[in-house]
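Comments concern the structure below.
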Amino acid sequence: MKDVASRAGVGLKTVSRVVNGEPGVTSETRRRVQDAIDALGFRRNDSARVLRKGRTATVGLILEDLADPFYGPLSRAVEEVARAHDTLLINGSSAHDPYREQELALALCARRVDGLLVVPAGPDHRYLEPEMHAGIATVFVDRPARGIEADTVVSDNHGGARSGVAHLIAHGHRRIGYIGDLPRIHTAAERLRGYRTAMEEAGLPVRPDWVSLGSTAPERVRRAAEEMLSGPAPVTALLTGNNRVTVTVVRVLAERDPHRPVALVGFDDFELADLLRPAVTVVAQDAAGLGRVAARRLFDRLGQAGLPPSLVELPTRLMVRGSGELPPAD
């Protein structure tokens with residue numbers, strides 16, 4: 001900073017004001033300082049800034065899978081909010097592993113991020129209590145925390161699944177199957193509950209072989225779909241629990257007799273769903289909205305640490321495209 005001040009012919013305080021975007025500097029002086037910064041390759045010492053202000057101007061976002069298309073708009077929305085607060089976002093992936101989630105969260109805390117946004121993979125989040133008491137703001141996204149009270153932003157998973165199944169029932173289906181994610185995952189359990197609610201409200205039974213929860217691996221999903229679609233009284237429609245499951249089921253249905261179509265409603269939209277034939281009817285979440293609302297809550301908490309924990313539930317939207325409106329073949 002001394003070199004910059006000397007070259008620009010100003011004092012250290014003026015350089016500091018320019019670097020930190022503070023008022024009180026004329027446009028001509030600001031230009032001279034910026035020219036000196038550019039010529040000398042000066043970079044602000046953020047370590048010293050942290051010591052002075054007590055903030056790192058960084059937040060962490062822990063997702064389940066960085067490669068999952070669902071998390072793209074969510075992450076981008078968080079980044080935009082962080083950028084508006086002059087804050088750097090650090091992304092990481094738990095890979096659906098509770099131990100990896102904890103390891104990554106604590107590693108970010110050890111680097112003194114100001115806050116954490118977490119899509120939880122684990123069954124117990126009490127490990128974060130000391131960090132939250134130490135001042136690290138924490139918001140859970142897509143699923144609630146377990147074992148602690150914390151800010152949470154989720155979608156209406158129960159209501160979304162209920163509306164998807166009710167839509168199939170309204171189009172004449174009575175034998176409806178559900179293929180979902182692992183039962184320990186909050187979203188999978190809530191979507192299954194929504195499926196059961198809609199069937200019960202319509203006075204329809206749910207046979208055990210019409211429900212399959214487990215890994216989203218294509219082999220497992222394919223096997224579940226083929227079992228539900230075989231036998232003397234196969235299901236005539238399916239609700240799929242997320243975009244990965246839906247993509248595999250679309251492939252299974254494409255291999256079947258086109259004269260005996262199976263209706264399909266998928267939870268989560270996915271790329272090119274509207275271009276398939278028939279186009280796939282989906283229960284769409286607002287992934288960007290989840291990220292935006294969660295990030296804003298995080299910065300609200302950074303500005304006011306005493307806020308009580310809140311739960312925000314965002315609505316889903318049924319997008320009617322064709323696959324969910326096919327009538328039963330028998």
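Keep in mind the model is a prediction, meaning the values are calculated, not measured.
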Minimum heavy-atom distance between [X] and [Y], given as atom pair plus value:
X      : Y      : result
Arg112 : Ala134 : NH2-CB, 4.4 Å
Leu290 : Phe70  : CD1-CZ, 3.9 Å
Gly177 : Met228 : CA-SD, 4.0 Å
Ala121 : Ser94  : CB-OG, 3.7 Å
Phe267 : Asn157 : CE1-O, 3.7 Å
Pro120 : Pro144 : CG-O, 3.6 Å

Main chain of [Y], side chain of [X]: is a donor-acceptor contact present, judged purely on distance under 3.5 Å?
X      : Y      : result
Glu313 : Asp156 : no
Arg100 : Ser93  : yes
Arg32  : Ala8   : yes
Ser230 : Glu226 : yes
Ser212 : Ala224 : no
Ser163 : Gly160 : yes
Tyr178 : Arg191 : no
Thr197 : Arg193 : yes

Partners of [X] by side chain to side chain contact (heavy atoms under 4.5 Å, CB included), sequence neighbours excluded?
X      : result
Arg301 : Ala137, Asp151, Arg297, Leu307
Pro261 : Leu326
Thr216 : Asp181, Asn242, Arg244, Val245

Transitive ILVMFWY side-chain link [X] to [Y], under 4.5 Å:
X      : Y      : answer
Leu318 : Leu314 : no
Val154 : Val312 : no
Ile37  : Leu40  : yes
Leu89  : Leu104 : no
Val235 : Leu264 : yes

Side-chain donor-acceptor pair under 3.5 Å between Glu101 and Tyr127, yes or no? yes
Would you say Asp300 and Gln304 are linked by a side-chain donor-acceptor pair, where the criterion is simply a distance under 3.5 Å? no
Using 30° and 60° as the class boundaries, would you call the ring planes of Phe140 and His125 parallel, tilted or perpendicular? perpendicular
For the atom pair [atom1] ([X]) and [atom2] ([Y]), what is the distance rounded to the nearest 0.5 Å?
X      : Y      : atom1 : atom2 : value
Leu106 : Leu128 : CG    : CG    : 6.5 Å
Met199 : Ile169 : CE    : CD1   : 5.5 Å
Arg162 : Arg196 : CZ    : CZ    : 15.5 Å
Ile136 : Asp114 : CD1   : CG    : 8.5 Å
Arg296 : His85  : CZ    : NE2   : 9.0 Å
Thr246 : Leu238 : OG1   : CG    : 10.0 Å

Is there side-chain contact between Val141 and Val118, with heavy atoms separated by less than 4.5 Å? no
SB check [X] [Y] (cutoff 4.0 Å):
X      : Y      : value
Arg31  : Glu28  : yes
Glu129 : Arg126 : no
Arg143 : Glu64  : yes

Would Ile148 and Met132 count as a side chain to side chain contact (heavy atoms under 4.5 Å, CB included) here? Give the steps. CA-CA 10 Å; Ile148 61 173; Met132 294 168 68; 3.8 Å; yes
Return a table of donor-acceptor pairs under 3.5 angstrom between the side chains of residues 277-285 and protein atoms on other chains or two or more places apart.
{"unit_1": "Arg277", "atom_1": "NH1", "unit_2": "Leu275", "atom_2": "O", "d": "3.4"}
{"unit_1": "Thr281", "atom_1": "OG1", "unit_2": "Arg321", "atom_2": "N", "d": "3.0"}
{"unit_1": "Thr281", "atom_1": "OG1", "unit_2": "Gly322", "atom_2": "N", "d": "3.2"}
{"unit_1": "Thr281", "atom_1": "OG1", "unit_2": "Gly324", "atom_2": "N", "d": "3.2"}
{"unit_1": "Thr281", "atom_1": "OG1", "unit_2": "Glu325", "atom_2": "OE1", "d": "3.1"}
{"unit_1": "Thr281", "atom_1": "OG1", "unit_2": "Glu325", "atom_2": "OE2", "d": "3.2"}
{"unit_1": "Gln285", "atom_1": "OE1", "unit_2": "Ser155", "atom_2": "OG", "d": "2.6"}
{"unit_1": "Gln285", "atom_1": "NE2", "unit_2": "Asp268", "atom_2": "OD1", "d": "2.5"}

Evaluation steps, side chain to side chain contact (heavy atoms under 4.5 Å, CB included), between Leu66 and Tyr71: CA-CA 7 Å; Leu66 290 170; Tyr71 293 119; over 6 Å; no
Does the pair Val25 and Thr14 meet the rule for a side chain to side chain contact (heavy atoms under 4.5 Å, CB included), with working shown? CA-CA 7 Å; Val25 182; Thr14 300; 4.2 Å; yes
Check salt bridge (Lys or Arg N to Asp or Glu O under 4.0 Å) between Arg223 and all other residues, then give those that pass, not counting sequence neighbours. none
Of Arg260, His173, His171, the residue whose pairing with Thr236 passes side chain to side chain donor-acceptor pair (under 3.5 Å): His173
Verdict with supporting geometry, Leu108 and Val113, side chain to side chain contact (heavy atoms under 4.5 Å, CB included): CA-CA 6 Å; Leu108 289 167; Val113 294; 4.2 Å; yes
Less than 3.5 Å apart, which donor and acceptor atoms pair up between the side chains of residues 247-255 and the rest of the protein, not counting sequence neighbours?
{"unit_1": "Glu255", "atom_1": "OE1", "unit_2": "Arg222", "atom_2": "NH1", "d": "3.0"}
{"unit_1": "Glu255", "atom_1": "OE2", "unit_2": "Arg222", "atom_2": "NH2", "d": "3.0"}

For atom CD of Glu201, decide whether the heavy atoms of other residues, nucleotides or ligands shown that lie under 6.0 angstrom number more than 12. yes
